[in-house]
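Just so it is clear, the structure is predicted and the values come from calculations on it, not from any experiment. Letters go in sequence order (proteins before strands), and every chain restarts at 1.
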Amino acid sequence: MKIHYLDNNATTRMDDEVLKAMMPYMTDNYANASGVYSFGQDARKAVEDARAVTAKFFNADDPREIIFTSGGTESDNIAIRGAALANAAKGKHIITSAIEHHAVLNVCKALEKEGYEVTYLPVDKYGVVNPDDVKKAIRPDTVLISIMAANNETGSIQPVAEIGAIAREQKIIFHTDAVQAAGKYPIDVKAMNADLVSISAHKFYGPKGVGALYIRKGVKVSAIMQGGHHENRKRPGTENVPGIVGLAKACSVAMDSFKNPKAHEKVKMLRDKLQAGIFEKIPEVILNGHPENRTENTLNVSVKFIEGEGMLIQMDFEGICASSGSACTSGSLDPSHVLLAMGLDHGTAHGSIRFSLSKYTTQEDIDAVLKALPPAVEKLRNMSPFWKNRVTA
Amino acid sequence: MKIHYLDNNATTRMDDEVLKAMMPYMTDNYANASGVYSFGQDARKAVEDARAVTAKFFNADDPREIIFTSGGTESDNIAIRGAALANAAKGKHIITSAIEHHAVLNVCKALEKEGYEVTYLPVDKYGVVNPDDVKKAIRPDTVLISIMAANNETGSIQPVAEIGAIAREQKIIFHTDAVQAAGKYPIDVKAMNADLVSISAHKFYGPKGVGALYIRKGVKVSAIMQGGHHENRKRPGTENVPGIVGLAKACSVAMDSFKNPKAHEKVKMLRDKLQAGIFEKIPEVILNGHPENRTENTLNVSVKFIEGEGMLIQMDFEGICASSGSACTSGSLDPSHVLLAMGLDHGTAHGSIRFSLSKYTTQEDIDAVLKALPPAVEKLRNMSPFWKNRVTA
Amino acid sequence: MKYSEKVMERFKNLKNMGRIENADGIGKVGNAKCGDVMWIYIKVDNGIITDCKFETFGCVAAIATSSQATDLIKGMTVEKALEVTNKSIVEMLDGLPPEKLHCSVLAEDGIKRAIEDYNRKKQGLPPLPEKEDDGHDHGHEGEEE
Amino acid sequence: MKYSEKVMERFKNLKNMGRIENADGIGKVGNAKCGDVMWIYIKVDNGIITDCKFETFGCVAAIATSSQATDLIKGMTVEKALEVTNKSIVEMLDGLPPEKLHCSVLAEDGIKRAIEDYNRKKQGLPPLPEKEDDGHDHGHEGEEE
Ligand SMILES: Cc1ncc(COP(=O)(O)O)c(C=O)c1O
Ligand SMILES: Cc1ncc(COP(=O)(O)O)c(C=O)c1O
Ligand code: FES
Ligand code: FES
């Protein structure tokens with residue numbers, strides 16, 4: 001069956017160019033980048049060239065400000081735990097938001113058990129953090145502020161530049177999880193006033209199992225794993241050379257795409273078509289996330305009176321891949337913490353479905369959804385006790 | 001220039017079969033294994049099939065005893081820190097050896113700063129731990145014993161089955177870093193009485209950036225990173241599906257090789273030829289490691305009165321890749337902690353060179369070393385103040 | 001988490017969805033763990049369940065088990081239907097993922113409650129209110145809409 | 001860690017290795033950080049260094065800088081040679097990796113010490129013993145063999 005893949009916030013298809021860049025390092029150029037011989041130095045060069053490209057992607061001054069990790073989760077863990085531990089002398093209060101990814105939230109929760117205090121800021125109905133709330137939450141012992149750049153479930157873009165400016169003024173370390181922003185719009189550590197920025201390659205046409213963390217010069221971060229002296233002693237382990245090369249290629253593909261934003265415009269255009277089509281064809285739907293200030297590829301809606309899973313499975317029968325809540329917590333019974341934080345009730349949160357497009361998404365994919373979703377909704381609503389009650393009421 | 005790659009303890013060339021197994025997951029089957037749709041379930045199946053194969057590789061009963069990680073370093077970190085933290089109520093004493101990899105040693109050192117006590121057992125002149133020493137080091141508060149299966153620098157194989165039996169008897173958790181054993185001989189968690197076993201795919205013809213950890217059912221291990229609920233809540237982050245599939249394929253290639261051990265015999269035969277040739281052609285050389293009970297592919301010698309780096313670079317001019325000390329600490333000034341623990345003096349330890357073969361090593365590679373090494377040694381000895389003193393003495 | 005082929009097959013070809021107007025018994029149950037809701041309607045004639053339908057606001061497991069269960073008890077005596085367990089329904093569907101086992105409890109409870117409701121009606125008592133597990137920690141906001 | 005082309009070139013084509021029998025000055029220096037050792041031999045005629053050789057037990061950086069340094073001071077006056085710094089030698093080799101910078105200190109120290117030894121000899125004093133940095137924390141076991 002033809003697959004209509006609309007779950008690109010979960011993961012993306014690798015760009016052919018990325019795979020092509022990686023191939024030599026998975027075949028002939030297999031050396032360990034720590035080897036002293038030329039063959040190893042070639043691998044070292046590949047890693048350091050990748051670091052330079054990645055630094056550019058972040059608009060960082062110095063490639064040494066980049067470390068490579070095993071993914072967004074590890075980048076977030078190093079950033080938050082690493083900065084919290086290294087700067088504990090300053091204080092043990094952390095500010096984050098209720099809508100962060102679990103890779104941020106659960107590190108914060110673990111730190112709470114270890115004597116840290118964490119403020120989880122609320123969001124407005126669009127799922128956006130208010131910089132004023134950040135300002136109000138700051139205490140003398142606040143050591144770290146971590147607010148994501150764009151949310152994975154709703155796509156809502158956060159005012160990180162303002163928040164970063166507040167943090168900078170107060171000399172508080174500012175981390176932003178830019179996993180969902182990377183590749184969609186330029187990431188600029190200077191404009192964001194960010195000290196720590198996480199990305200994950202597989203979210204923007206790069207390989208799985210590799211990520212990066214920007215660590216501003218002078219910002220102290222402890223390693224969370226111990227071993228060899230790799231990655232500026234911040235992240236031990238034999239370098240994943242193909243992965244790192246792939247991440248850098250994904251960065252350079254993205255930088256090119258920002259220069260000629262046609263592909264981005266197409267994604268947004270298709271996303272808007274999908275949105276319009278759903279609202280036209282299905283009654284009682286609400287948009288989750290900011291109507292405008294949202295990543296170009298994300299559409300999250302709640303279809304009232306039914307639950308997401310049934311829709312997903314029904315769509316799967318037609319080859320459509322979408323998600324409900326974030327992929328990494330599926331199997332969990334709780335509705336999305338992000339939607340609940342936005343004020344949705346349990347039922348409506350349970351009825352959410354997320355479509356996330358990519359540069360490979362076609363009109364055909366959109367048409368497939370607009371064909372499959374309305375009957376799926378009808379089927380599920382017809383067996384929902386709430387739907388009937390509502391209509392007959 | 002033709003490359004003679006003899007640094008396979010640092011990393012190996014991927015097996016073509018491994019790459020072939022990975023390719024679909026780097027191209028068409030790119031789904032996130034957490035997706036509820038069939039496309040995601042296919043990725044999930046690939047991951048779970050890989051887990052079953054990896055469990056077999058360990059001779060583990062239950063695939064749920066396997067978690068996938070980003071490499072040997074992370075496996076070691078989860079095993080040691082994870083077990084130490086989860087079982088701290090029992091005690092805070094750890095037994096390990098002086099010859100462990102830094103991924104073990106440096107976690108132990110970090111834990112010492114956090115209130116744990118660590119006993120670093122000595123080794124004999126062959127670099128082998130004595131099980132009696134383990135027995136003697138055990139205290140009522142000993143919570144974990146971590147002794148590697150085979151050493152990366154010398155290849156010396158450790159008596160892990162006996163050590164495991166001692167640990168089991170005393171109800172102490174036993175971890176073994178089998179990164180250098182994997183692929184060279186069968187790993188059997190039952191025979192080893194091991195509770196935790198680390199491997200890293202790239203050390204046995206698998207991809208870089210992925211490893212596994214065997215965690216015996218019932219053994220408590222805390223996660224060292226927080227995030228989504230992946231890998232039995234022990235290791236969060238989007239699964240590296242191609243990497244995991246590649247690791248499993250490397251496991252199955254290895255299992256096949258144990259059934260028909262011709263390739264292993266060839267490696268040993270070539271290694272022995274290299275050893276004999278070096279001892280024949282170069283005076284004042286000593287063998288580092290156990291003469292017999294050593295991984296089939298490893299040859300570590302100290303060439304007296306000169307240093308390893310010069311030899312490596314001189315050999316590099318002929319396309320030969322070898323190492324001196326372990327690759328991940330090159331750039332460090334200290335001679336190998338492993339050789340020092342074996343009782344070598346600084347000078348002799350500095351003069352060590354390690355050749356580690358693979359199934360791809362040819363007679364030609366061996367000949368290249370036997371041609372290049374003697375003149376390299378002569379050149380360096382001729383400029384060594386110690387060599388002249390010795391000859392003229 | 002993966003559903004069996006049987007669950008998928010069942011979900012694809014659902015039976016007995018909807019309500020029975022003038023049902024002889026209605027079992028309204030809720031799952032405290034996830035906030036989901038199932039209503040089971042039965043028609044009883046001469047002690048035999050002649051018709052049975054369901055309305056479910058819940059996950060695929062809840063929907064599939066309610067369809068399976070309603071199918072199962074059609075034609076059964078009321079007494080026999082009371083013996084139906086969630087375990088047997090799950091087995092008929094070739095199992096459920098462990099984290100979804102609790103969903104199947106809804107179907108068993110729904111049937112039991114529908115029969116209880118039927119028995120009460122026979123005795124002239126008022127209909128049963130919706131039932132929820134004890135562990136319940138949040139309301140069914142869905143109902144308020 | 002990567003050596004420059006120049007370092008590699010120099011290491012490939014080393015000059016001035018070995019000892020000078022009946023040298024006018026010998027500078028024996030050791031590097032406490034890594035336990036490495038360098039001996040610099042000079043021949044002096046009329047205040048001018050006419051020949052200079054080295055023996056080095058050390059890393060590639062130590063060997064390359066000793067070769068470079070000995071080459072450099074040949075033909076220099078003793079006074080001029082005393083002005084040679086490790087920095088200038090490193091520059092001539094297009095730099096060294098940061099963790100290898102300390103190795104170049106050996107060459108500077110070796111030259112200085114060889115000249116000091118030469119000066120002492122001229123004054124009829126006994127030859128200088130080997131010199132090591134203060135941070136020194138281990139003997140040169142290599143020497144004992
Ligand atoms: C916002 C955000 N942060 C972090 C992550 C974690 O990235 P990874 O799964 O690659 O470790 C994800 C995706 O899962 C994400 O969407
Ligand atoms: C014995 C041993 N343990 C652990 C490791 C770490 O593995 P990795 O570098 O793949 O993280 C290595 C290799 O570097 C090793 O040889
Ligand atoms: S998750 Fe609520 S019934 Fe299945
Ligand atoms: S490391 Fe000793 S001189 Fe370079």
Side-chain angles (χ1 to χ4, degrees), chain A residues 3 5 7 10-14 19 26-27 30-32 34-40 70-74 76-77 102-103 106-107 109-110 200 202 207-210 224-230 236-243 309 312-313 315-316 320-323 327-332, chain B residues 3 5 7 10-14 19 26-27 30-32 34-40 70-74 76-77 102-103 106-107 109-110 200 202 207-210 224-230 236-243 309 312-313 315-316 320-323 327-332:
Chain A
I3 297 236
Y5 186 74
D7 199 16
T11 198
T12 55
R13 184 189 180 107
M14 264 211 272
L19 182 57
M26 295 198 290
T27 53
Y30 56 86
N32 189 312
S34 299
V36 286
Y37 35 80
S38 324
F39 189 45
S70 67
T73 297
E74 190 180 353
D76 284 345
N77 273 260
H102 285 107
N106 288 346
V107 186
K109 282 183 192 152
S200 188
H202 73 97
K208 292 180 176 64
V210 60
I224 59 169
M225 293 203 280
Q226 285 79 38
H229 291 160
H230 311 81
T238 300
E239 286 97 339
N240 176 1
V241 182
E309 196 190 30
L312 292 189
I313 300 279
M315 308 268 278
D316 184 37
I320 296 164
C321 307
S323 84
C328 61
T329 50
S330 79
S332 129
Chain B
I3 298 234
Y5 186 74
D7 199 16
T11 197
T12 54
R13 184 187 179 106
M14 263 211 273
L19 181 58
M26 295 198 290
T27 52
Y30 55 87
N32 189 311
S34 300
V36 285
Y37 35 82
S38 324
F39 188 45
S70 67
T73 297
E74 190 181 352
D76 285 344
N77 273 260
H102 286 108
N106 289 346
V107 185
K109 282 183 192 152
S200 189
H202 73 97
K208 291 180 177 62
V210 60
I224 60 170
M225 292 202 280
Q226 285 78 39
H229 291 161
H230 312 81
T238 300
E239 285 97 339
N240 175 1
V241 183
E309 197 190 29
L312 292 189
I313 300 279
M315 308 267 279
D316 183 37
I320 296 164
C321 307
S323 85
C328 58
T329 50
S330 78
S332 132

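Atom OH of residue A:Tyr30 and atom CG of residue B:Asp7 lie 9.5 Å apart, to the nearest 0.5 angstrom. Note that CE of A:Met26 is 3.5 Å distant from CE of B:Met26, once rounded to the nearest 0.5 Å. Distance NE2/A:His229 to CG/B:Asn106: 6.0 Å, rounded to 0.5 Å.
The candidate with the highest count of non-hydrogen atom pairs below 4.5 Å against chain B, out of A:Ala103, A:Ala322, A:Cys321, is A:Cys321. Options B:Leu19, B:Val210, B:Val107 differ in how many heavy-atom pairs under 4.5 Å they form with chain A, and the most are formed by B:Val107. Taking chain B as the reference chain and counting heavy-atom pairs below 4.5 Å, the highest number among A:Pro242, A:Gly243, A:Gly237, A:Gly71 is found for A:Gly237. Ranking A:Met225, A:Met14, A:Arg13 against chain B, the residue ahead of the rest is A:Arg13, based on heavy-atom pairs under 4.5 Å.
Closest approach of B:Gly228 and A:His102 over heavy atoms only: N-CB, 4.1 Å. The two residues B:Val241 and A:Lys208 have their closest heavy-atom pair at N-CD, 4.0 Å.
Heavy atoms closer than 4.5 Å to chain A are found in the side chain of B:Asn77, but not in its backbone. Looking at B:Thr27, the atoms closer than 4.5 Å to chain A (heavy atoms on both sides) sit in the backbone and in the side chain alike. Contact of B:Pro236 with chain A is made through backbone and side chain together, with heavy-atom distances under 4.5 Å. Looking at B:Glu239, only its backbone comes within 4.5 Å of chain A, counting heavy atoms on both sides.
The side-chain contact (heavy atoms from CB on, under 4.5 Å) with A:Tyr37 is formed by just one residue from the set B:Leu312, B:Ile320, B:Asp316; it is B:Asp316.
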